[in-house]
Amino acid sequence: MQQPHALHIKESDHGWQEGQAKSITFIVTKDCQLACKYCYLVGKNVQERMPWDVAKDTVDFVLDREFDPQFAYQSVIWDFIGGEPFLEIDLIDKICNYIKEELYRRNHHWFNSYRFSFSTNGINYDSPKVQRFIENNRSHLSIGITIDGTRNKHDLNRVYKNSEKGSYDDVVRNIPLWLQQFPGAGTKVTISSADIPYICESVLHLYDLGIHQVNINCVFEDVWKEGDDKLFEDQLICLADHIIENKLYENYSCSFFQERIGHTLNCALDNQNWCGAGKMLAVDAAGNFYPCTRFAQYSLRDKEAWIIGNIHDGIDQNKLRPFLTLDRCTQSTIECIDCEVAEGCAWCQGENFDAAKTHTVFERSTAICKMHKARVRANNYYWNKLYRKLETEGTREAFEANKKDVKPESC
């Protein structure tokens, strides 16, 4: 039986070398042109910029440990963040050139198995220096531009520092160039309490711009108001209707709709930590190491930074060890573990730490509980409606057969 065209369901990309790449993050600057209202970086500043010698020593530290179990991954992602990383494009270009030279000189197993990764606000994406860097590294680049949706939603939060001027116009003008260079790239959308009413129109607007993959999530901080979950559910149902009625699921994906979420969990079978904190390595301008950038001081509201070492003394295994023992059950409440819709309920390890009553990473923040449950209800609506549509078209059986070849999204 030939599968009808309508059976094609676009799946979210799982990322390059998912689970098989070591992530090394350079905090090259804590400066940014924007002061996004939902930004978790509470300590951005213009002073802390990474010196070249710190960056070079970090590269040497990592490459000198090729066969150390903590670095013996088959591939590597060299991640550059800020603030806004492209404010330091000269430094980044120098770092990347040095990495390439050293990988070749050392005959390192990461040679030709690496990515340079960026998440940018997109404002200076078209600058000559950034474009020259892209041209020189195109085959090893992953770049995501953050655009939150319509002008109304984007400019509600993503404003210039010391100003209420929105950045939408300065970002959207670079989207065509970005998509031309990275056709399969996805954007990252953040939802906060104030912009819930714009979710549906914003995702559809991003599709209209040519962005086929929209990765979207609620902020993990405790910002939610009474009734936000109902408004959130209504917006997702509105979005589900538009996607299904216009068959947008064939060519576009939205991470809010995933068939696997919203089930019970068996901690004996599915007890992984949600993120890679502790398996990643982040370094700041002072050469301090962190298990994730969310444990650097500029990411924390109420806690002191969790430093696990530095470029001179190496990694303190005792300070790293708690992260290597993290799993879902050791940090979740009984209510979370027994929740009927626990599957797919995310958390941020850094926010867990910052929101905890004590100095621990074993206390899970539950600020998004109601929002997750609302998402599950809308997600169930989406898949039930899609199944009914396929049954009406007589394509459900072929759809079920086609699903057997689709791998579930990894945490």
Legend entry - Side chains of Q181 and E135, donor plus acceptor under 3.5 Å: no
Legend entry - N107 atom CG, neighbour heavy-atom count above 12 within 6.0 Å: no
Legend entry - I216 vs C254 side-chain heavy atoms within contact, under 4.5 Å: yes
Inset, instruction - Find out whether D31 and E88 are in side-chain contact, i.e. whether some heavy atom of one side chain is under 4.5 Å from a heavy atom of the other. - result: no
Legend entry - Heavy-atom check, side chain of L204 versus side chain of L248, under 4.5 Å: yes
Inset, instruction - Identify, with sequence neighbours excluded, every residue that meets ring pair (Phe, Tyr, Trp, His ring centres under 6.0 Å) alongside F295. - result: F323, F353
Inset, instruction - Flag the pair V172 / H154 as yes when at least one side-chain heavy-atom distance between them is below 4.5 Å, and no otherwise. - result: no
Legend entry - Which residues share a salt bridge (Lys or Arg N to Asp or Glu O under 4.0 Å) with E363, sequence neighbours left out: K357
Legend entry - Charged N-O contact under 4.0 Å between D354 and R301: yes
Legend entry - Partner set under salt bridge (Lys or Arg N to Asp or Glu O under 4.0 Å) for E201, not counting sequence neighbours: none
Inset, instruction - For H212 and S253, test the side chains for any donor-to-acceptor distance below 3.5 angstrom and give the result as yes or no. - result: no
Legend entry - D90/K94 ion pair, N-O < 4.0 Å: no
Inset, instruction - Could you tell me whether E221 and R294 have a side-chain N and a carboxylate O separated by less than 4.0 Å? - result: yes
Inset, instruction - Determine whether the side chains of Q258 and Y382 contain a donor N or O and an acceptor N or O closer than 3.5 Å. - result: no
Legend entry - Main-chain N/O of N121 paired to E84 side chain as donor or acceptor, under 3.5 Å: yes
Inset, instruction - Identify the heavy atoms of L326 and Q349 that sit nearest to each other, and give their distance. - result: CD1-CD, 3.4 Å
Legend entry - D60 versus Y98, closest heavy-atom pair with distance: OD1-OH, 2.6 Å
Inset, instruction - Would you mind reporting whether W110 and I99 have side-chain heavy atoms less than 4.5 Å apart? - result: no
Legend entry - Donor-acceptor side-chain pairing of D79 and S23 below 3.5 angstrom: no
Inset, instruction - Scan side-chain atoms only and decide if Q213 and N215 contain a donor-acceptor pair under the 3.5 Å cut-off. - result: yes
Legend entry - Option from Y125, F133, F182 for which ring pair (Phe, Tyr, Trp, His ring centres under 6.0 Å) with F118 holds: F133
Inset, instruction - May I ask you to decide whether E102 forms a salt bridge with R106, counting only side-chain N to carboxylate O separations under 4.0 Å? - result: yes
Inset, instruction - Please tell me if the side chains of P322 and L324 come closer than 4.5 Å, counting only heavy atoms from C-beta onward. - result: no
Inset, instruction - Would you list the pairs meeting ring pair (Phe, Tyr, Trp, His ring centres under 6.0 Å) in which at least one residue belongs to residues 219-243, sequence neighbours left out? - result: F232-F256
Legend entry - salt bridge (Lys or Arg N to Asp or Glu O under 4.0 Å) contacts in which one or both residues fall within residues 173-191, not counting sequence neighbours: D126-R173
Legend entry - CD/E226: more than 12 non-hydrogen atoms of other groups inside 6.0 Å: no
Legend entry - Sub-6.0 Å ring centroid separation between Y73 and F71: no
Residues 38-46, side-chain donor-acceptor partners within the protein, below 3.5 Å, at least two apart:
residue, atom, partner, partner atom, Å
Y38, OH, D148, OD1, 3.4
Y38, OH, D148, OD2, 2.6
Y38, OH, R158, NH1, 3.0
K44, NZ, L34, O, 3.2
N45, OD1, Q47, N, 3.0
N45, OD1, E48, N, 2.9
N45, ND2, G43, O, 3.1
N45, ND2, E48, OE2, 2.8

Inset, instruction - Flag yes if more than 12 heavy atoms outside K129 fall under 6.0 Å of its NZ atom; otherwise flag no. - result: no
Legend entry - Where W274 and R328 come nearest, the two heavy atoms and their spacing: CE3-NH2, 4.1 Å
Inset, instruction - Using a 4.5 Å cut-off on heavy atoms from C-beta on, say whether the side chain of I315 contacts that of F61. - result: yes
Inset, instruction - Identify, with sequence neighbours excluded, every residue that meets side chain to side chain contact (heavy atoms under 4.5 Å, CB included) alongside D229. - result: K370, M371, A374, R377
Inset, instruction - Sequence neighbours left out, what passes salt bridge (Lys or Arg N to Asp or Glu O under 4.0 Å) with R132? Give chain and number order. - result: none
Legend entry - Backbone N/O of C329 and side chain of S332: donor-acceptor pair under 3.5 Å: no
Inset, instruction - Using salt bridge (Lys or Arg N to Asp or Glu O under 4.0 Å) as the criterion, list what pairs up with D222, not counting sequence neighbours. - result: none
Inset, instruction - Check the side chains of S167 and D170 for a donor-acceptor pair under 3.5 angstrom, ignoring hydrogens and angles. - result: no
Inset, instruction - Answer yes or no: is there a side-chain heavy-atom contact under 4.5 Å between I27 and V283? - result: no
Legend entry - Between D327 and N271: side-chain donor-acceptor atoms closer than 3.5 Å: yes
Inset, instruction - Could you note down all residue pairs passing salt bridge (Lys or Arg N to Asp or Glu O under 4.0 Å) where residues 278-293 supplies at least one of them, sequence neighbours left out? - result: none
Inset, instruction - Would you kindly say whether N112 and H140 are connected by a side-chain donor-acceptor distance under 3.5 Å? - result: yes
Inset, instruction - Using the test ring pair (Phe, Tyr, Trp, His ring centres under 6.0 Å), find all partners of Y160 that sit at least two apart in sequence or belong to another chain. - result: none
Legend entry - Sequence-distant partners of F26, ring pair (Phe, Tyr, Trp, His ring centres under 6.0 Å), two or more places apart: F80
